[in-house]
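This report refers to the structure that appears directly beneath it.
Throughout, protein chains are lettered first and strands after them, A, B, ... in sequence-line order, and every chain is numbered starting at 1. No experiment lies behind these values; they were computed from the predicted model shown.
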Number of protein chains: 2
Amino acid sequence: MKQVEEILKKNHLSVTGSRQKIMQLFLNSNGALAHADIEKKTGESFDRVTVYRTLQSFVEKGIIHLIPTRDNSIKYALCKDDCEAGHHHDNHVHFICDECSKTICLDDVTVPQVKLPKGFTPQHAEMVVNGICEECK
Amino acid sequence: MKQVEEILKKNHLSVTGSRQKIMQLFLNSNGALAHADIEKKTGESFDRVTVYRTLQSFVEKGIIHLIPTRDNSIKYALCKDDCEAGHHHDNHVHFICDECSKTICLDDVTVPQVKLPKGFTPQHAEMVVNGICEECK
DNA sequence: GTAAATTTGCAACAATGATGCGAAAATTTA
DNA sequence: TAAATTTTCGCATCATTGTTGCAAATTTAC
């Protein structure tokens with residue numbers, strides 16, 4: 001059984017063309033993908049709405065996660081830890097390359113704790129670092 | 001001379017109705033504002049395009065700055081340090097309250113440095129913390 | 001106060017995202 | 001494996017958000 005099928009079944013999602021193709025895209029890409037990237041790379045074989053709904057279903061099942069960016073674009077990424085073990089992933093730092101504008105999950109870099117002013121209770125923290133990635137250096 | 005006028009003149013912006021009103025909104029609000037907030041609070045006295053362009057001009061002059069959020073919305077905030085002294089503001093942490101969903105600049109909390117994997121060169125880092133703010137606790 | 005420069009508002013457009021619904025798939029059942 | 005059931009797909013439609021060009025109005029400079 002192919003890897004994509006396994007992942008879908010494990011997450012109780014029916015195996016359809018769009019889900020297979022899009023999941024494969026995530027497995028092949030080393031960075032995060034925006035909706036537009038996916039539409040381009042699938043060669044317009046799927047309806048825009050289908051892509052949205054496919055991504056939604058992946059997010060709901062916790063297979064992919066969203067990455068906040070400085071500009072107003074949503075990016076999705078598959079976390080290595082997630083798809084292999086299914087366990088809750090640590091809160092890791094995301095890196096966006098200013099050169100190739102690729103978004104990369106730094107799975108091994110955890111978001112540091114910060115001391116907040118009195119009265120503020122933290123629940124969750126996100127950190128995004130911009131700079132030059134290892135490929136563009 | 002009113003405070004808003006001063007700020008505008010200091011930043012070489014002509015003093016117009018929309019700029020005055022929107023600047024006043026920022027001075028009054030203790031949190032960050034989204035475009036939609038501004039449209040609501042100005043009571044639709046200005047065209048949508050004018051609001052966009054006003055915000056753009058403020059960003060260009062460095063009077064306000066953008067805050068990234070987990071959802072896909074741009075928020076703008078006036079930094080106390082900025083508008084008083086005009087000097088380049090430190091990279092501070094932003095806090096978003098899960099209760100009142102207000103976005104607050106923690107001007108005194110600087111974004112910590114993180115150790116990146118080999119090959120990655122950081123240039124800029126953003127940190128957004130979610131949780132409960134001092135007013136909602 | 002008038003000329004020059006800037007800003008505004010309107011119209012139009014593009015991109016992104018959501019929803020309802022019948023048709024087409026995938027899954028389950030027998 | 002074929003029928004029944006459930007899920008998903010694709011189309012049409014709509015809402016929101018943001019941009020651009022241009023003429024009219026406003027602001028600034030002289």
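- Rounded to an integer number of Å, the gap from NZ of Lys21(B) to P of dG9(C) is 12 Å.
- The distance from atom NE2 of His12(A) to atom C1' of dT8(D) is 18 Å, rounded to the nearest whole Å.
- Taking the six-membered ring wherever Trp is involved, the centroid distance between the rings of Phe120(A) and Phe95(B) falls below 6.0 Å.
- When the C1' atom of dC10(C) is taken as reference, atom CZ of Phe46(B) falls 16 Å away, rounded to whole Å.
- Under 4.0 angstrom from either OP1 or OP2 of dG9(C) there lies at least one side-chain N or O belonging to Thr50(B).
- Ion pairing between Glu99(A) and Lys137(A) fails under the 4.0 Å rule for side-chain N and carboxylate O.
- In this structure, Thr16(A) reaches the dC9(D) phosphate: one of its side-chain N or O atoms is under 4.0 Å from OP1 or OP2.
- Going from atom CD1 of Ile22(B) over to atom P of dT7(C) covers 13 Å, rounded to whole Å.
- Straight-line distance from the NE2 atom of His35(B) to the P atom of dG18(D): 7 Å, rounded to whole Å.
- The phosphate of dT7(D) (OP1 or OP2) has no side-chain N or O of Ser14(A) nearer than 4.0 angstrom.
- The residue among Val15(B) and Arg48(B) whose nearest nucleotide of DNA chain D lies closer to the 5′ end is Arg48(B).
- When ring centroids are compared, Tyr52(B) and His35(B) come within the 6.0 Å threshold.
- In this structure dA30(C) sits in a base pair with dT1(D), meeting the Watson-Crick or G-U test at under 3.5 Å.
- Side-chain N or O atoms of Thr50(A) include none that pairs as donor or acceptor with a backbone N or O of Phe46(A) at under 3.5 Å.
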- request: Take Val129(B) and Leu116(A) through the side-chain contact (heavy atoms from CB on, under 4.5 Å) test and state the conclusion after the steps.
  value: CA-CA 9 Å; Val129(B) 180; Leu116(A) 301 177; 4.2 Å; yes
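- Between Asp37(A) atom CG and dA15(C) atom P there is a gap of 15 Å when expressed in whole angstrom units.
- Within 4.0 Å (heavy atoms only), Gln56(A) reaches sugar-phosphate atoms of the nucleic acid but no base atom.
- If you take CG of Leu55(B) and P of dT7(C), they are 14 Å apart, rounded to a whole angstrom.
- For Leu13(B) and dA5(C), the CG to P distance is 18 Å, given to the nearest whole Å.
- Ser73(A) comes within 4.0 angstrom of no nucleic acid atom, judged by non-hydrogen atoms across all strands.
- Arg19(B) comes within 4.0 angstrom of the backbone, heavy atoms only, and of no base.
- Judged by distance alone with a 3.5 Å cut-off, no donor-acceptor contact links the side chain of Arg53(B) to the base of dG18(D).
- As judged by a 4.0 angstrom heavy-atom cut-off over every strand, Ser18(A) is placed among residues touching the sugar-phosphate backbone only.
- The side chain of Val49(A) lies closest to dA18(C) when the candidates are dG18(D), dC9(D), dA18(C).
- Listed nucleotides: dG17(C), dT28(D), dG10(D). Nearest to the side chain of Tyr52(A): dG17(C).
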